[in-house]
2 protein chains.
Amino acid sequence: MSGVLDPAALDQLFREARTCQWFDGREVSDEQIATIWDLMKMAPTSMNQLPARIVWCKSAEAKERLAGHAAEGNKDKVRNAPVCAIIAMDTDFHEYLPEFFPPSPDAKAMFDGKEEMRRTQAFRNSSLQGGYFIMAARALGLDCGPMSGFDNAAVDADFFADTPSWKSNFICSVGYGDRSKVHPRLPRPDFARFNRLI
Amino acid sequence: MSGVLDPAALDQLFREARTCQWFDGREVSDEQIATIWDLMKMAPTSMNQLPARIVWCKSAEAKERLAGHAAEGNKDKVRNAPVCAIIAMDTDFHEYLPEFFPPSPDAKAMFDGKEEMRRTQAFRNSSLQGGYFIMAARALGLDCGPMSGFDNAAVDADFFADTPSWKSNFICSVGYGDRSKVHPRLPRPDFARFNRLI
(Lines give C-alpha, C1' and ligand atoms only; values in the text may rest on other atoms or scores of the structure.)
Protein backbone atom coordinates (compact mmCIF):
# COMPACT_ATOMS: atom_id res chain seq x y z
CA MET A 1 0.00 0.00 0.00
CA SER A 2 1.05 3.51 -0.81
CA GLY A 3 0.41 5.56 2.32
CA VAL A 4 -2.39 7.86 3.37
CA LEU A 5 -4.54 9.40 0.62
CA ASP A 6 -4.30 13.18 0.47
CA PRO A 7 -6.73 15.17 2.67
CA ALA A 8 -8.85 16.26 -0.31
CA ALA A 9 -9.48 12.60 -1.22
CA LEU A 10 -10.44 11.75 2.38
CA ASP A 11 -12.80 14.73 2.34
CA GLN A 12 -14.35 13.61 -0.95
CA LEU A 13 -14.86 10.02 0.22
CA PHE A 14 -15.84 10.56 3.85
CA ARG A 15 -15.55 13.89 5.60
CA GLU A 16 -17.20 16.32 3.19
CA ALA A 17 -19.31 13.83 1.23
CA ARG A 18 -23.02 14.04 1.94
CA THR A 19 -26.07 11.96 1.22
CA CYS A 20 -27.88 13.74 -1.63
CA GLN A 21 -31.50 13.09 -2.56
CA TRP A 22 -31.74 16.00 -5.00
CA PHE A 23 -29.47 16.56 -7.98
CA ASP A 24 -28.28 19.42 -10.15
CA GLY A 25 -29.56 18.16 -13.53
CA ARG A 26 -26.31 16.75 -14.93
CA GLU A 27 -26.59 13.23 -16.31
CA VAL A 28 -24.72 10.13 -15.22
CA SER A 29 -23.25 8.39 -18.27
CA ASP A 30 -23.45 4.67 -18.99
CA GLU A 31 -19.67 4.68 -18.79
CA GLN A 32 -19.72 6.13 -15.27
CA ILE A 33 -22.26 3.48 -14.25
CA ALA A 34 -20.06 0.68 -15.59
CA THR A 35 -17.03 2.20 -13.84
CA ILE A 36 -18.81 2.10 -10.47
CA TRP A 37 -19.25 -1.65 -11.01
CA ASP A 38 -15.70 -2.16 -12.23
CA LEU A 39 -14.36 -0.54 -9.06
CA MET A 40 -16.74 -2.07 -6.52
CA LYS A 41 -16.40 -5.60 -7.86
CA MET A 42 -12.70 -5.60 -6.91
CA ALA A 43 -13.37 -5.18 -3.18
CA PRO A 44 -13.64 -8.27 -0.98
CA THR A 45 -16.58 -10.55 -0.29
CA SER A 46 -16.49 -13.79 1.66
CA MET A 47 -15.11 -16.58 -0.56
CA ASN A 48 -15.49 -14.18 -3.49
CA GLN A 49 -19.24 -14.75 -3.34
CA LEU A 50 -19.99 -11.48 -5.13
CA PRO A 51 -23.74 -11.76 -4.40
CA ALA A 52 -24.66 -8.19 -5.47
CA ARG A 53 -26.85 -7.78 -8.54
CA ILE A 54 -27.75 -4.28 -9.72
CA VAL A 55 -30.60 -2.91 -11.79
CA TRP A 56 -29.87 0.66 -12.84
CA CYS A 57 -33.15 2.52 -13.47
CA LYS A 58 -32.17 5.33 -15.82
CA SER A 59 -35.09 5.73 -18.24
CA ALA A 60 -38.12 7.71 -17.10
CA GLU A 61 -40.18 4.52 -17.46
CA ALA A 62 -37.90 2.47 -15.23
CA LYS A 63 -37.73 5.19 -12.58
CA GLU A 64 -41.51 5.56 -12.58
CA ARG A 65 -41.87 1.81 -12.15
CA LEU A 66 -39.50 1.85 -9.18
CA ALA A 67 -41.11 4.97 -7.71
CA GLY A 68 -44.41 3.07 -7.66
CA HIS A 69 -42.95 0.76 -5.00
CA ALA A 70 -41.19 3.46 -2.95
CA ALA A 71 -42.40 4.99 0.30
CA GLU A 72 -44.41 8.17 -0.22
CA GLY A 73 -41.54 10.44 0.77
CA ASN A 74 -39.13 8.65 -1.59
CA LYS A 75 -41.20 8.59 -4.81
CA ASP A 76 -40.08 11.98 -6.09
CA LYS A 77 -36.49 11.29 -5.05
CA VAL A 78 -36.49 8.21 -7.30
CA ARG A 79 -38.22 10.02 -10.18
CA ASN A 80 -35.86 12.98 -10.12
CA ALA A 81 -32.56 11.12 -9.79
CA PRO A 82 -30.36 10.82 -12.90
CA VAL A 83 -30.23 7.11 -12.13
CA CYS A 84 -31.57 5.04 -9.24
CA ALA A 85 -30.00 1.64 -8.64
CA ILE A 86 -31.70 -1.36 -7.08
CA ILE A 87 -28.94 -3.13 -5.18
CA ALA A 88 -30.05 -6.74 -4.85
CA MET A 89 -28.53 -10.01 -3.71
CA ASP A 90 -28.56 -13.37 -5.42
CA THR A 91 -29.43 -15.98 -2.80
CA ASP A 92 -28.17 -18.58 -5.28
CA PHE A 93 -24.70 -17.02 -5.42
CA HIS A 94 -23.24 -20.43 -4.58
CA GLU A 95 -23.99 -21.64 -8.11
CA TYR A 96 -21.15 -19.38 -9.29
CA LEU A 97 -18.54 -20.45 -6.72
CA PRO A 98 -16.92 -23.07 -8.99
CA GLU A 99 -16.11 -20.14 -11.31
CA PHE A 100 -15.37 -17.37 -8.79
CA PHE A 101 -13.71 -19.37 -6.03
CA PRO A 102 -11.59 -21.97 -7.80
CA PRO A 103 -9.23 -22.57 -4.81
CA SER A 104 -12.01 -24.53 -3.08
CA PRO A 105 -13.78 -26.98 -5.40
CA ASP A 106 -16.16 -27.93 -2.57
CA ALA A 107 -17.35 -24.39 -1.92
CA LYS A 108 -20.66 -24.79 -3.73
CA ALA A 109 -21.51 -28.00 -1.86
CA MET A 110 -21.12 -26.15 1.48
CA PHE A 111 -24.18 -24.09 0.54
CA ASP A 112 -26.36 -26.61 -1.31
CA GLY A 113 -29.73 -26.92 0.41
CA LYS A 114 -28.80 -24.34 3.09
CA GLU A 115 -31.11 -21.50 2.18
CA GLU A 116 -31.00 -19.65 5.47
CA MET A 117 -27.20 -19.70 5.56
CA ARG A 118 -27.10 -18.46 1.96
CA ARG A 119 -29.55 -15.69 2.74
CA THR A 120 -27.51 -14.50 5.72
CA GLN A 121 -24.27 -14.52 3.77
CA ALA A 122 -25.82 -12.90 0.70
CA PHE A 123 -27.31 -10.17 2.87
CA ARG A 124 -24.02 -9.47 4.66
CA ASN A 125 -21.90 -9.52 1.54
CA SER A 126 -24.27 -7.61 -0.75
CA SER A 127 -24.52 -4.94 1.96
CA LEU A 128 -20.72 -4.79 2.12
CA GLN A 129 -20.82 -4.36 -1.66
CA GLY A 130 -23.38 -1.60 -1.14
CA GLY A 131 -20.79 0.20 0.95
CA TYR A 132 -18.23 -0.28 -1.82
CA PHE A 133 -20.81 1.02 -4.34
CA ILE A 134 -21.22 4.28 -2.42
CA MET A 135 -17.46 4.71 -2.01
CA ALA A 136 -16.83 3.97 -5.70
CA ALA A 137 -19.44 6.53 -6.79
CA ARG A 138 -17.91 9.13 -4.48
CA ALA A 139 -14.44 8.31 -5.78
CA LEU A 140 -15.77 9.22 -9.25
CA GLY A 141 -17.04 12.57 -8.01
CA LEU A 142 -20.68 11.47 -7.77
CA ASP A 143 -23.12 11.71 -4.88
CA CYS A 144 -25.40 8.98 -3.55
CA GLY A 145 -28.82 8.91 -1.96
CA PRO A 146 -29.31 5.46 -0.42
CA MET A 147 -32.86 4.56 0.66
CA SER A 148 -34.46 1.57 2.35
CA GLY A 149 -37.99 2.99 2.37
CA PHE A 150 -39.65 0.87 -0.32
CA ASP A 151 -41.66 -2.34 -0.65
CA ASN A 152 -39.01 -5.03 -1.14
CA ALA A 153 -41.48 -7.78 -2.06
CA ALA A 154 -43.17 -5.58 -4.66
CA VAL A 155 -39.83 -4.59 -6.21
CA ASP A 156 -38.78 -8.24 -6.33
CA ALA A 157 -42.05 -9.29 -7.97
CA ASP A 158 -41.87 -6.47 -10.52
CA PHE A 159 -38.17 -6.52 -11.42
CA PHE A 160 -36.98 -10.03 -10.61
CA ALA A 161 -39.80 -12.28 -11.82
CA ASP A 162 -37.33 -13.95 -14.20
CA THR A 163 -34.61 -14.33 -11.55
CA PRO A 164 -36.51 -15.32 -8.38
CA SER A 165 -33.32 -15.89 -6.40
CA TRP A 166 -32.59 -12.12 -6.62
CA LYS A 167 -33.86 -10.17 -3.60
CA SER A 168 -33.71 -6.38 -3.30
CA ASN A 169 -31.52 -5.06 -0.50
CA PHE A 170 -31.66 -1.24 -0.80
CA ILE A 171 -32.00 1.37 -3.51
CA CYS A 172 -29.58 4.22 -4.20
CA SER A 173 -29.83 7.35 -6.34
CA VAL A 174 -26.65 8.51 -8.04
CA GLY A 175 -25.88 11.89 -9.56
CA TYR A 176 -24.32 15.26 -8.94
CA GLY A 177 -25.95 16.48 -5.76
CA ASP A 178 -27.63 19.82 -5.35
CA ARG A 179 -25.77 20.94 -2.25
CA SER A 180 -28.28 23.74 -1.61
CA LYS A 181 -30.82 21.04 -0.67
CA VAL A 182 -28.63 18.98 1.67
CA HIS A 183 -29.73 18.90 5.31
CA PRO A 184 -27.39 19.94 8.13
CA ARG A 185 -24.94 17.20 9.08
CA LEU A 186 -26.33 14.80 11.69
CA PRO A 187 -24.27 14.03 14.81
CA ARG A 188 -21.55 11.37 14.81
CA PRO A 189 -20.23 9.58 17.92
CA ASP A 190 -16.64 9.81 19.14
CA PHE A 191 -14.43 6.74 19.06
CA ALA A 192 -14.78 6.07 22.79
CA ARG A 193 -18.54 5.81 22.52
CA PHE A 194 -18.90 2.71 20.30
CA ASN A 195 -15.38 1.24 20.22
CA ARG A 196 -13.31 -0.77 22.68
CA LEU A 197 -9.56 -1.21 22.30
CA ILE A 198 -8.36 -4.22 24.25
CA MET B 1 -17.96 16.87 -5.28
CA SER B 2 -14.54 17.45 -6.70
CA GLY B 3 -14.17 15.15 -9.69
CA VAL B 4 -12.58 11.76 -10.15
CA LEU B 5 -9.85 10.73 -7.71
CA ASP B 6 -6.47 10.24 -9.33
CA PRO B 7 -5.68 6.76 -10.71
CA ALA B 8 -3.26 5.95 -7.90
CA ALA B 9 -6.00 6.54 -5.33
CA LEU B 10 -8.44 4.31 -7.25
CA ASP B 11 -5.73 1.64 -7.38
CA GLN B 12 -5.10 1.94 -3.64
CA LEU B 13 -8.79 1.71 -2.73
CA PHE B 14 -10.02 -0.82 -5.29
CA ARG B 15 -7.93 -2.01 -8.21
CA GLU B 16 -4.59 -2.91 -6.60
CA ALA B 17 -5.79 -3.41 -3.03
CA ARG B 18 -5.84 -7.02 -1.91
CA THR B 19 -7.20 -8.95 1.01
CA CYS B 20 -4.23 -9.70 3.28
CA GLN B 21 -4.24 -12.32 6.00
CA TRP B 22 -0.53 -12.08 6.73
CA PHE B 23 1.31 -8.91 7.70
CA ASP B 24 4.82 -7.51 7.54
CA GLY B 25 5.38 -6.91 11.26
CA ARG B 26 4.72 -3.16 11.38
CA GLU B 27 2.28 -2.09 14.12
CA VAL B 28 -1.01 -0.29 13.73
CA SER B 29 -1.12 2.67 16.11
CA ASP B 30 -4.04 3.56 18.37
CA GLU B 31 -4.24 6.81 16.40
CA GLN B 32 -4.67 4.93 13.11
CA ILE B 33 -7.40 2.82 14.68
CA ALA B 34 -9.27 5.90 15.87
CA THR B 35 -8.87 7.50 12.43
CA ILE B 36 -10.51 4.50 10.74
CA TRP B 37 -13.54 5.09 12.99
CA ASP B 38 -13.52 8.86 12.46
CA LEU B 39 -13.66 8.34 8.68
CA MET B 40 -16.13 5.46 8.54
CA LYS B 41 -18.59 7.05 10.93
CA MET B 42 -19.17 9.90 8.44
CA ALA B 43 -20.57 7.61 5.73
CA PRO B 44 -24.33 7.07 5.52
CA THR B 45 -26.57 4.65 7.40
CA SER B 46 -30.35 4.53 7.25
CA MET B 47 -31.77 7.28 9.50
CA ASN B 48 -28.26 7.73 10.88
CA GLN B 49 -28.71 4.47 12.80
CA LEU B 50 -24.96 3.92 13.12
CA PRO B 51 -25.43 0.38 14.46
CA ALA B 52 -21.77 -0.70 14.18
CA ARG B 53 -19.86 -1.38 17.38
CA ILE B 54 -16.21 -2.37 17.22
CA VAL B 55 -13.92 -4.27 19.55
CA TRP B 56 -10.30 -3.91 18.45
CA CYS B 57 -8.27 -6.89 19.69
CA LYS B 58 -4.72 -5.59 19.82
CA SER B 59 -3.11 -7.19 22.87
CA ALA B 60 -1.82 -10.74 22.61
CA GLU B 61 -4.39 -11.74 25.25
CA ALA B 62 -7.33 -10.29 23.32
CA LYS B 63 -6.22 -11.84 20.04
CA GLU B 64 -5.77 -15.24 21.71
CA ARG B 65 -9.26 -14.97 23.19
CA LEU B 66 -10.71 -14.18 19.75
CA ALA B 67 -8.63 -16.88 18.04
CA GLY B 68 -10.20 -19.39 20.40
CA HIS B 69 -13.56 -18.80 18.67
CA ALA B 70 -12.23 -18.70 15.11
CA ALA B 71 -12.39 -21.47 12.53
CA GLU B 72 -9.30 -23.68 12.52
CA GLY B 73 -7.87 -22.04 9.40
CA ASN B 74 -8.38 -18.54 10.82
CA LYS B 75 -6.83 -18.95 14.29
CA ASP B 76 -3.27 -18.10 13.29
CA LYS B 77 -4.48 -15.25 11.08
CA VAL B 78 -6.11 -13.67 14.13
CA ARG B 79 -3.10 -14.31 16.38
CA ASN B 80 -0.59 -12.86 13.92
CA ALA B 81 -2.49 -9.72 12.90
CA PRO B 82 -1.33 -6.39 14.34
CA VAL B 83 -4.97 -5.85 15.30
CA CYS B 84 -8.13 -7.86 14.63
CA ALA B 85 -11.45 -6.03 14.89
CA ILE B 86 -14.78 -7.58 15.82
CA ILE B 87 -17.32 -5.62 13.81
CA ALA B 88 -20.62 -5.99 15.64
CA MET B 89 -24.07 -4.48 15.47
CA ASP B 90 -26.19 -3.08 18.26
CA THR B 91 -29.71 -4.46 17.79
CA ASP B 92 -30.85 -1.74 20.22
CA PHE B 93 -29.53 1.04 17.98
CA HIS B 94 -32.97 2.67 18.14
CA GLU B 95 -32.33 3.79 21.71
CA TYR B 96 -29.86 6.32 20.28
CA LEU B 97 -32.10 7.72 17.53
CA PRO B 98 -33.36 10.66 19.62
CA GLU B 99 -29.72 11.79 19.75
CA PHE B 100 -28.52 10.78 16.26
CA PHE B 101 -31.65 11.44 14.22
CA PRO B 102 -33.14 14.62 15.70
CA PRO B 103 -35.18 15.49 12.55
CA SER B 104 -37.66 12.72 13.41
CA PRO B 105 -38.63 12.68 17.10
CA ASP B 106 -40.75 9.55 16.49
CA ALA B 107 -37.90 7.49 15.00
CA LYS B 108 -37.29 5.46 18.15
CA ALA B 109 -40.97 4.56 18.51
CA MET B 110 -40.96 3.08 14.97
CA PHE B 111 -38.61 0.38 16.26
CA ASP B 112 -39.86 -0.22 19.81
CA GLY B 113 -40.84 -3.87 20.24
CA LYS B 114 -39.89 -4.74 16.64
CA GLU B 115 -36.90 -6.96 17.20
CA GLU B 116 -36.85 -8.66 13.82
CA MET B 117 -37.04 -5.34 11.95
CA ARG B 118 -34.25 -3.95 14.12
CA ARG B 119 -32.10 -7.02 13.50
CA THR B 120 -32.56 -6.75 9.73
CA GLN B 121 -31.74 -3.05 9.67
CA ALA B 122 -28.80 -3.42 12.06
CA PHE B 123 -27.40 -6.23 9.92
CA ARG B 124 -27.76 -4.26 6.67
CA ASN B 125 -26.36 -1.03 8.08
CA SER B 126 -23.54 -2.52 10.14
CA SER B 127 -22.46 -4.45 7.03
CA LEU B 128 -22.52 -1.20 5.02
CA GLN B 129 -20.34 0.25 7.77
CA GLY B 130 -18.09 -2.79 7.40
CA GLY B 131 -17.60 -1.77 3.78
CA TYR B 132 -16.75 1.76 4.89
CA PHE B 133 -14.33 0.30 7.49
CA ILE B 134 -12.38 -1.55 4.80
CA MET B 135 -12.31 1.49 2.50
CA ALA B 136 -11.22 3.79 5.35
CA ALA B 137 -8.38 1.45 6.32
CA ARG B 138 -7.24 1.25 2.70
CA ALA B 139 -7.44 5.03 2.39
CA LEU B 140 -4.95 5.19 5.28
CA GLY B 141 -2.57 2.83 3.47
CA LEU B 142 -3.52 -0.23 5.52
CA ASP B 143 -4.62 -3.67 4.35
CA CYS B 144 -7.58 -5.69 5.62
CA GLY B 145 -8.30 -9.38 6.08
CA PRO B 146 -12.05 -9.77 6.63
CA MET B 147 -13.25 -13.16 7.88
CA SER B 148 -16.62 -14.68 8.67
CA GLY B 149 -15.27 -18.08 9.71
CA PHE B 150 -15.79 -17.95 13.49
CA ASP B 151 -18.40 -18.91 16.09
CA ASN B 152 -20.61 -15.82 16.34
CA ALA B 153 -22.50 -17.03 19.41
CA ALA B 154 -19.27 -17.84 21.27
CA VAL B 155 -17.77 -14.43 20.43
CA ASP B 156 -20.96 -12.71 21.60
CA ALA B 157 -20.99 -14.66 24.88
CA ASP B 158 -17.29 -13.98 25.52
CA PHE B 159 -17.01 -10.33 24.46
CA PHE B 160 -20.52 -8.91 24.80
CA ALA B 161 -21.82 -10.40 28.04
CA ASP B 162 -22.22 -6.86 29.42
CA THR B 163 -23.92 -5.55 26.24
CA PRO B 164 -26.25 -8.39 25.17
CA SER B 165 -27.80 -6.33 22.35
CA TRP B 166 -24.42 -6.37 20.56
CA LYS B 167 -24.10 -9.19 18.01
CA SER B 168 -20.92 -9.96 16.06
CA ASN B 169 -21.17 -9.52 12.29
CA PHE B 170 -17.68 -10.29 10.95
CA ILE B 171 -14.07 -9.95 12.05
CA CYS B 172 -11.32 -8.11 10.19
CA SER B 173 -7.55 -8.05 10.58
CA VAL B 174 -5.81 -4.74 9.87
CA GLY B 175 -2.16 -4.11 9.19
CA TYR B 176 0.50 -3.70 6.52
CA GLY B 177 0.08 -6.75 4.33
CA ASP B 178 2.88 -9.10 3.39
CA ARG B 179 2.35 -9.04 -0.36
CA SER B 180 4.55 -12.10 -0.85
CA LYS B 181 1.82 -14.18 0.80
CA VAL B 182 -1.16 -12.84 -1.14
CA HIS B 183 -2.96 -15.35 -3.36
CA PRO B 184 -3.46 -14.72 -7.08
CA ARG B 185 -6.41 -12.42 -7.80
CA LEU B 186 -9.71 -14.30 -8.08
CA PRO B 187 -11.95 -13.67 -11.11
CA ARG B 188 -14.37 -10.74 -11.28
CA PRO B 189 -17.45 -10.57 -13.51
CA ASP B 190 -17.96 -8.00 -16.25
CA PHE B 191 -20.69 -5.39 -15.92
CA ALA B 192 -23.04 -7.19 -18.31
CA ARG B 193 -23.02 -10.30 -16.20
CA PHE B 194 -24.67 -9.04 -13.00
CA ASN B 195 -26.03 -5.62 -13.99
CA ARG B 196 -29.04 -4.44 -15.97
CA LEU B 197 -29.35 -0.90 -17.28
CA ILE B 198 -32.97 -0.06 -18.05
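Chain naming here is simple, since letters A, B, ... match the order of the sequence lines and numbering starts at 1 in each. Because the structure is predicted, anything quoted here is derived from the model rather than measured.
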Q. Measuring heavy-atom distances to chain B, does Pro146(A) have an atom under 4.5 Å in its side chain, in its backbone, in both, or in neither?
A. side chain
Q: Examine distances only and state if a side-chain atom of Gln12(A) and a backbone atom of Gly3(B) form a donor-acceptor pair shorter than 3.5 Å.
A: yes
**Q.** Shortest non-hydrogen contact between Gly131(A) and Leu128(B), atoms and distance
**A.** N-CD2, 3.2 Å
Q) Using non-hydrogen atoms only, which part of Gln32(B) is less than 4.5 Å away from chain A: side chain, backbone, both, or neither? A) neither
Q | Atom group of Thr120(B) that falls short of 4.5 Å from chain A, counting heavy atoms | A | both
Q: Answer yes or no: is there a donor N or O on one side and an acceptor on the other, between the side chain of Trp37(B) and the main chain of Ala192(A), under 3.5 Å?
A: no
Q: Please round to the nearest 0.5 Å and tell me the distance separating atom CE of Met135(B) and atom CG of Leu5(A).
A: 11.0 Å
Q: Tell me, out of Ala9(A), Pro102(A), Ala139(A), Cys144(A), who's got the most heavy-atom pairs with chain B below 4.5 Å.
A: Ala139(A)
(Q) Within this structure, what is the CG-CD1 distance for the pair Asn195(B) and Ile33(A), rounded to the nearest 0.5 Å? (A) 9.5 Å
Q | chain B contacts, top residue of Gln121(A), Arg15(A), Gln129(A), Arg53(A) (heavy-atom pairs, under 4.5 Å) | A | Arg53(A)
Q) Met89(A), Ile171(A): one ILVMFWY side-chain cluster at the under-4.5 Å cut-off? A) no
**Q.** Ser148(B), part contacting chain A, at a heavy-atom distance under 4.5 Å
**A.** side chain
Q. Does Thr35(B) reach the side chain of Val4(A), with side-chain heavy atoms less than 4.5 Å apart?
A. no
Q.
Take a 6.0 Å sphere around CG of Asp190(B) and say whether it holds more than 12 heavy atoms from other residues, nucleotides or ligands.
A. no
Q) Looking at Tyr96(A), Phe133(A), Phe191(A), which makes the most heavy-atom pairs under 4.5 Å with chain B? A) Phe191(A)
Q: Could you grab the distance from atom CZ of Arg124(B) to atom OG of Ser126(A), nearest 0.5 Å is fine?
A: 8.5 Å
Q) Just how far is it from atom CG of Asp162(B) to atom CZ of Arg196(A), taken to the nearest 0.5 Å? A) 4.5 Å
Q.
Membership question, hydrophobic clusters at under 4.5 Å side-chain separation (ILVMFWY): are Phe150(A) and Trp22(A) in the same one?
A. no
Q. Top residue by heavy-atom pair count (under 4.5 Å) with chain A, among Val83(B), Ile36(B), Asp30(B), Asn169(B)?
A. Asn169(B)
Q) Just wondering, more than 12 heavy atoms not from Glu95(A) lying within 6.0 Å of its CD? A) yes
Q: Select, from His183(B), Arg193(B), Lys41(B), Met147(B), the one with the greatest count of heavy-atom pairs under 4.5 Å involving chain A.
A: Lys41(B)
**Q.** Atom CD of Glu115(A) with >12 non-hydrogen neighbours under 6.0 angstrom
**A.** no
Q: Please answer: with hydrophobic residues joined when any side-chain heavy atoms are less than 4.5 Å apart, are Met117(B) and Met47(B) in the same cluster?
A: yes
Q: Select one option (side chain, backbone, both, neither) describing which atoms of Ala85(A) are under 4.5 Å from chain B's heavy atoms.
A: neither
Q: Please name the pair of heavy atoms, one in Arg185(A) and one in Met42(B), separated by the smallest distance, quoted to 0.1 Å.
A: NH1-O, 3.3 Å
Q) Quick one: what part of Asp90(B) sits under 4.5 Å from any heavy atom of chain A, side chain, backbone, both or neither? A) neither
Q. Which pair of heavy atoms, one from Leu186(A) and one from Pro103(B), lies closest together, and at what distance?
A. CD2-CD, 3.6 Å
Q. Does CG belonging to Asp151(B) count more than 12 external heavy atoms closer than 6.0 Å?
A. yes
Q. Which heavy atom in Thr19(A) sits nearest to a heavy atom in Pro44(B), and how many Å separate them?
A. OG1-CB, 3.3 Å
(Q) Is Phe159(A) in contact with chain B via its backbone, its side chain, both, or neither, using a 4.5 Å heavy-atom distance? (A) both
Q: Is it possible for you to say whether Phe23(B) and Val182(B) belong to one hydrophobic cluster, with membership spreading through side-chain heavy-atom contacts below 4.5 Å?
A: no
Q: Go through the atoms of Pro189(B) and report whether side chain, backbone, both or neither lie under 4.5 Å from a heavy atom of chain A.
A: both
Q. Same hydrophobic cluster for Ile134(A) and Tyr132(A), using side-chain heavy-atom links shorter than 4.5 Å among ILVMFWY?
A. yes
**Q.** Minimum-distance pair of heavy atoms, taken over all atoms of Ala62(B) and Ile198(A)
**A.** CB-CG1, 3.6 Å
(Q) If I measure from the heavy atoms of chain A, does Asn125(B) come under 4.5 Å with its side chain, its backbone, both, or neither? (A) neither
Q | Top contributor to chain A interface from Gly177(B), Ala136(B), Gly149(B) [non-hydrogen pairs under 4.5 Å] | A | Ala136(B)
Q: Please report the shortest heavy-atom distance between Pro187(B) and Asn48(A), naming the atom on each side.
A: O-ND2, 3.1 Å
(Q) Using a 6.0 Å cut-off, check whether atom CD of Glu27(A) has over 12 heavy atoms from anything other than its own residue. (A) no
Q | Backbone of Leu197(A) reached by a side-chain donor or acceptor of Lys58(B) within 3.5 Å | A | no
